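Structure, as structure tokens:
Counting starts at 1 for both ligands and their atoms, in listed order. Small disclaimer: the values here were computed from a predicted structure and weren't measured.
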Amino acid sequence: MAKKFYLTTPLYYVNASPHIGHSYTTIAADCLARYMRPRIGKENVWLLTGTDEHGQKIQRAAEKEGLGAQEFADKTVVRFKSLWQELDISYDDFIRTTEPRHTNTVEKVLDILHEKGDIYEAKYQGWYCVPCETFWTDSQVSEKKCPDCLRPLEKISEANYFFKLSKYQDRLIRHIKANPDFIKPVIRYNEVLSFLELNKLTDLCISRPKERLEWGIELPFSPGHVTYVWFDALINYISAVGEFDNQGNYHSKWWPADLHLIGKDILRQHAIYWPIMLFALDIEPPKTIFAHGWWLINESKMSKSTGNVVSPLEISKKFGVETYRYFLLRDVAFGQDGNFSEEAIIKRFNSDLANDLGNLIYRTLTMAEKYFQGNIPAAKQTLETPQAKNIEEKIKSLDARVFDALGAESAVNFSQALEAIWELINIANKFIEDTKPWNLAKEKKTEELGDFILLLINTIKEVSGQLLPFMPKTAEAIKAQIRGDKVKKGKPLFPRIDIQNSNL
Ligand code: MSP
């Protein structure tokens, strides 16, 4: 296992309210950080998240509210911070791109690359999409619409600064080929590699003239320009955890990042621009960039204009934070798209949480209270059946199975880990049904009954330990019911949702 683990989420734009998509990446990152901390030491894990606060989108949103851009960002950043608190996100650092530690580093990067000749001045003419903050060439555009978001484009012509992406294209191709884990999952790896092999990269325009956009980091060598928001924002991954010395060498105890978690929508910036920026700076690229899929609503994209944006706060209020976290990480294999609906959450809740997990705990603790006055029975080694042996083995091997899914080199497979945990829960429930413990009680087979309950309690202990990164509060609540050599049953953790009688 890695000695240190530095992982990041994207920096979210502060102009829009956080939605389930933002919370997805952040919950996934939180789960991995929680998984790694007890395994390699809390002090060796660093989870970075934050907000992207410059650029046209934010400037326009601020103007609309009649606020200054900084004032607007100060107000809206709170929505992210309080959501992460609500969702139990254990980040180690939260960076805002308007903080001096970031802006200073961006200026430094600009200076280094300008001096080196990797940033140069030229005239730009072409199409520009304001919401995406992206330039497009004539050949990429039809009907004056943005190829990505289909919104109308603006024609612009201006003097700007460019970053030499083209110079490092071959090096990037070689790096990707030599590092099969650099971009994950494999579908994204292939996508980026074939794009690079089939297209010649054009240099990236990294400035915006102030007349058009004021809200950004000024170029140190051209006060009439601010930095393109993507060039600015990507640098956060190094500005948060290290510094450049006077010779332009970067120092950090955390870098290279072990994992950049992103959505597939921002793969190009992370898998092409970012490593090339690092090459140019003589800094090692991140180890892995993992691009997950999209949550869709009725198979279509969430957007403000269609009014189908789902609020994570609302959903977690309705179903509970733990259920929400569980659902997102369980329902779809990480990397694939998923369809989000309340029906799907209720289904998962009733079957996996109420029926499987909740029942196992409730029944086991009820029996321990009823037959052993809440004491955990001492082992008498009476269970020799293949079914009991199988459960014992599964308890022992669960840690390794979860490790294969989450801890092994660049594995990021939450649903696989949860499936392994549920396999154990389900065979334990089947064991209860097959054993019919009430008969053991009637026949006064106390020793067998004790061993049977002990095995179930050991199952629950192992399950709750493994659930901790996914559902921290649930794991705690389970632990509170099994303390030392006693159990104390609480209320059912997941009372079934009655669809007929609920107003959902
Ligand atoms: N500010 C840039 C990222 C800069 S990183 C240096 C940005 N911000 S964003 O607010 O638009 O957030 C984008 C991220 O939110 C996606 O990459 C993804 O992680 C998440 N999601 C946004 N919508 C999503 C879905 N519908 N489904 C899943 N996740 C998506 O881009």
With sequence neighbours left out, write down each residue that passes salt bridge (charged side-chain N to carboxylate O under 4.0 Å, His left out) with Lys347, or none if nothing qualifies.
none
For Asp265, which residues count as a salt bridge (charged side-chain N to carboxylate O under 4.0 Å, His left out) partner, sequence neighbours excluded?
none
Under 3.5 Å, side chain of His225 to main-chain N/O of Ala159, donor-acceptor pair present?
yes
Quick one: which residue pairs count as a salt bridge (charged side-chain N to carboxylate O under 4.0 Å, His left out) with a foot in residues 12-37, not counting sequence neighbours?
Asp30-Arg34, Asp30-Arg325, Arg37-Asp92
I'd like to know if Arg208 and Glu158 make a salt bridge, using a cut-off of under 4.0 Å between side-chain N and carboxylate O.
no
Are the aromatic rings of Tyr24 and Trp295 close, with centres under 6.0 Å apart?
yes
N or O contacts of ligand 1 with protein under 3.5 Å, please list pair by pair.
unit_1: ligand 1; atom_1: 1 (N); unit_2: Leu11; atom_2: O; d: 2.7
unit_1: ligand 1; atom_1: 1 (N); unit_2: Asp52; atom_2: OD2; d: 2.7
unit_1: ligand 1; atom_1: 10 (O); unit_2: Tyr13; atom_2: N; d: 3.1
unit_1: ligand 1; atom_1: 10 (O); unit_2: His22; atom_2: NE2; d: 3.3
unit_1: ligand 1; atom_1: 17 (O); unit_2: Gly263; atom_2: N; d: 3.0
unit_1: ligand 1; atom_1: 17 (O); unit_2: Asp265; atom_2: OD1; d: 3.1
unit_1: ligand 1; atom_1: 19 (O); unit_2: Thr25; atom_2: OG1; d: 2.6
unit_1: ligand 1; atom_1: 19 (O); unit_2: Gly263; atom_2: N; d: 3.2
unit_1: ligand 1; atom_1: 26 (N); unit_2: Trp295; atom_2: O; d: 3.2
unit_1: ligand 1; atom_1: 27 (N); unit_2: Trp295; atom_2: N; d: 2.9
unit_1: ligand 1; atom_1: 29 (N); unit_2: Gly21; atom_2: O; d: 3.4

